[in-house]
Amino acid sequence: SVYSPTTTLTYDTLRFGEFEDFPETTEPVWILGNEYSALTEKEEILSDVTSRLWFTYRKSFPPIGGTGPTSDTGWGCMLRCGQMILGQALMCRHLGRDWRWVRGQKQRQEYISILNAFIDKKDSYYSIHQIAQMGVGEGKPIGQWYGPNTVAQVLKKLAVFDTWSRLVVHVAMDNTVVIEEIKRLCMPWLDKAEVFGEPERVGELNGCLEGACALSEEEVALWKPLVLLIPLRLGLSDINGAYIETLKKCFMLPQSLGVIGGKPNSAHYFIGYVGGELIYLDPHTTQTAVEPCEHGQFPDDTYHCQHPPCRMHICELDPSIAVGFFCRTEDEFDDWCMRIRRVYNLPMFELVDSQPSHLVGVDAINLTPDFSDSERLERFFDSEDEEFEILSL
């Protein structure tokens with residue numbers, strides 16, 4: 001379904017409007033690593049989709065930067081998709097993949113804290129205010145459209161301030177995921193101790209760490225949860241058909257966070273597939289900004305999409321995307337690496353143990369002082385930054 005930027009839909013319209021029911025098919029339905037039957041598990045499918053955080057355009061929120069826009073209608077769809085993929089990571093981090101939202105249920109504190117991180121006000125970690133203002137440093141004025149790569153870079157910077165979740169957001173560039181680099185980021189004590197070993201070696205490392213840093217035993221032992229975002233371009237103007245089956249497999253992995261991207265001129269958050277169709281959440285609905293109630297409780301119905309999920313044929317996908325994965329532990333990351341190496345017949349990206357000598361790293365990119373991060377990365381990535389926004393009709 002396609003909406004103009006000024007469309008405002010009521011919740012009854014969304015639930016009972018012109019949405020095709022989910023198809024009757026023997027093809028498996030995959031939603032972020034979970035497999036369902038469209039014939040016997042439609043309620044489970046809808047429950048899973050409804051439990052994802054749905055971030056849409058909002059209006060009547062405090063001005064961005066104090067004097068900026070009070071609505072992101074017409075320009076914020078990729079920013080909202082970025083919120084959705086990161087929101088899914090926080091849900092997995094604090095509530096678990098199998099947590100389900102039920103309308104009117106008593107809200108858990110972790111859930112309230114997650115929503116608080118995204119609510120449309122200036123002091124929320126991942127609010128539209130923070131993303132838009134951080135984007136200025138990436139060469140994107142407030143109100144300008146983002147591509148998947150740019151929003152991934154902004155989320156990486158904002159996650160540093162989220163001390164509650166302690167996420168490592170890593171953006172893998174040049175179609176390459178370097179295992180050693182990720183383990184250094186998620187276990188920073190490895191660098192400090194100059195030892196490459198397992199977290200269980202805390203006792204052995206105590207001597208190395210004593211007096212050298214102030215890390216506690218818990219900090220030494222723990223892996224910081226990983227959000228891995230991989231910007232990709234799977235074709236020139238259209239998606240290369242050779243990558244379609246490989247892209248589908250991303251939704252089958254238990255670590256899947258889905259894909260941000262879209263069809264030309266319209267950004268979506270893709271959470272699964274059935275047959276040749278992608279299943280997605282659409283941010284192109286304008287809703288009024290929500291204020292938390294007393295004690296931080298939320299009127300949260302508008303943060304969950306309660307109609308049958310939107311679908312589009314995978315061939316309509318714009319080739320510029322970012323694929324996301326979440327690994328809460330080192331074992332989950334090792335399992336992800338194993339699955340990538342064994343399952344993919346035609347990899348969309350390269351997985352390597354250590355930095356290849358031919359690969360230009362981010363540090364090398366940053367030696368260029370005259371461009372913003374997004375400009376450097378776009379030059380390095382062959383300018384992925386398409387304009388993702390629905391056009392006026």
Side-chain angles (χ1 to χ4, degrees), residues 32 52-58 61 64 69 72-93 114-121 124-162 165 167-173 226-232 250 256-263 265-271 280-285 303 305 317-318 320-326 373-374 377-378 381 384-390:
L32 298 175
R52 302 314 107 214
L53 290 178
W54 181 44
F55 296 114
T56 72
Y57 292 146
R58 295 280 174 170
F61 51 65
I64 296 176
D72 62 312
T73 298
W75 58 272
C77 67
M78 182 55 76
L79 283 67
R80 296 299 184 178
C81 290
Q83 286 183 321
M84 284 190 271
I85 198 169
L86 189 63
Q88 177 60 20
L90 292 181
M91 299 279 276
C92 291
R93 166 77 172 91
I114 291 170
L115 275 183
N116 262 315
F118 292 96
I119 195 169
D120 298 305
K121 58 181 183 179
S124 297
Y125 290 130
Y126 308 114
S127 67
I128 194 74
H129 299 67
Q130 296 289 355
I131 296 176
Q133 291 182 99
M134 185 66 77
V136 173
E138 295 292 312
K140 296 292 181 183
I142 295 172
Q144 185 168 335
W145 300 328
Y146 285 29
N149 175 48
T150 304
V151 78
Q153 296 295 332
V154 170
L155 294 175
K156 173 183 175 180
K157 291 187 174 183
L158 290 176
V160 174
F161 302 98
D162 184 0
S165 298
L167 296 176
V168 168
V169 176
H170 178 65
V171 183
M173 298 305 298
L226 170 69
V227 176
L228 176 59
L229 301 175
I230 311 174
L232 300 168
C250 289
S256 176
L257 289 178
V259 173
I260 54 175
K263 48 192 173 186
N265 303 318
S266 184
H268 301 310
Y269 172 42
F270 298 96
I271 59 174
Y280 65 92
L281 295 179
D282 188 349
H284 298 92
T285 298
Y303 289 99
C305 185
L317 182 68
D318 189 279
S320 183
I321 64 172
V323 182
F325 303 97
F326 176 74
D373 288 346
S374 62
L377 289 163
E378 285 166 20
F381 192 59
E384 63 80 39
D385 207 354
E386 305 287 345
E387 293 181 344
F388 281 105
E389 195 57 46
I390 193 70

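These numbers come from the heavy atoms of this one structure, side chains and all, not from hydrogens, waters or symmetry mates.
Ser124 and Ala117 get closest at one heavy-atom pair: CB-O, 3.5 Å. When all heavy atoms are compared, the tightest approach of Ala267 to His284 is O-CE1, 3.2 Å. For the residue pair Ala159 and Val169, the shortest heavy atom distance occurs at CB-CG2, 3.5 Å. Residues Ala172 and Pro231 share a closest heavy-atom pair of O-CD, 3.2 Å.
A distance of 10.5 Å separates CG in Asp318 from NE2 in His268, rounded to the nearest 0.5 Å. Rounding to the nearest 0.5 angstrom, the gap separating the CZ atom in Arg52 from the CG atom in Leu281 is 9.0 Å. A distance of 5.5 Å separates CG of Leu115 from CG of Leu53, quoted to the nearest 0.5 Å. Taken from CG in Leu90 to CZ in Phe326, the straight-line distance is 8.0 Å, to the nearest 0.5 Å. Here Ile128 contributes atom CD1 and Leu79 contributes atom CG; the two are 4.5 Å apart, rounded to the nearest 0.5 Å. Here SG of Cys250 is found 7.5 Å from CD1 of Ile230. Values are rounded to the nearest 0.5 Å.
In this structure a side-chain-to-backbone donor-acceptor pair under 3.5 Å is present from Trp54 to Asp282. Asp162 contributes a side-chain N or O that, together with a main-chain N or O of Ser165, makes up a donor-acceptor pair within less than 3.5 Å. Under the 3.5 Å distance criterion, the side-chain polar atoms of Trp145 are left unmatched by any main-chain donor or acceptor of Cys77. Remark: the backbone N or O of Phe325 is not paired with any side-chain donor or acceptor of Ser256 at under 3.5 angstrom. Not one N or O on the side chain of Thr285 forms a donor-acceptor pair closer than 3.5 Å with the backbone of Thr56. No donor-acceptor distance shorter than 3.5 angstrom exists from the side chain of Gln88 to the backbone of Gly258, with no hydrogens or angles considered.
In this structure, the side chains of Lys263 and Leu317 stay at 4.5 Å or more apart for every pair of heavy atoms. With contacts defined as side-chain heavy-atom distances shorter than 4.5 Å, the pair Val259/Ile85 does not qualify. Contact check for Val227 versus Leu229: side-chain heavy atoms found under the 4.5 Å cut-off. Between Pro69 and Ile142, some side-chain heavy-atom pair lies under the 4.5 Å cut-off.
Side-chain rings of Tyr280 and Tyr269 stay apart, their centers remaining 6.0 Å or farther from each other.
Checked against ring pair (Phe, Tyr, Trp, His ring centres under 6.0 Å), Tyr125 has no partners two or more places apart in sequence or in another chain. Take Phe55 and apply the ring pair (Phe, Tyr, Trp, His ring centres under 6.0 Å) test, not counting sequence neighbours, and it matches Phe118, Tyr303.
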**Report entry** Working for side chain to side chain contact (heavy atoms under 4.5 Å, CB included), residues Val171 and Met173
**Finding:** CA-CA 6 Å; Val171 183; Met173 298 305 298; 3.8 Å; yes
Report task. May I have the step-by-step check of side chain to side chain contact (heavy atoms under 4.5 Å, CB included) for Leu32 and Leu257, ending in yes or no? Result -> CA-CA 6 Å; Leu32 298 175; Leu257 289 178; 5.5 Å; no
Exercise answer: donor-acceptor pairs, residues 130-137 side-chain atoms, under 3.5 Å, sequence neighbours excluded:
residue, atom, partner, partner atom, Å
Gln130, NE2, Lys122, O, 2.5
Gln133, NE2, His129, O, 3.2

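Ionic pairing of Asp72 and Arg80 is present here: one or more N-O contacts between side-chain nitrogen and carboxylate oxygen are shorter than 4.0 angstrom.
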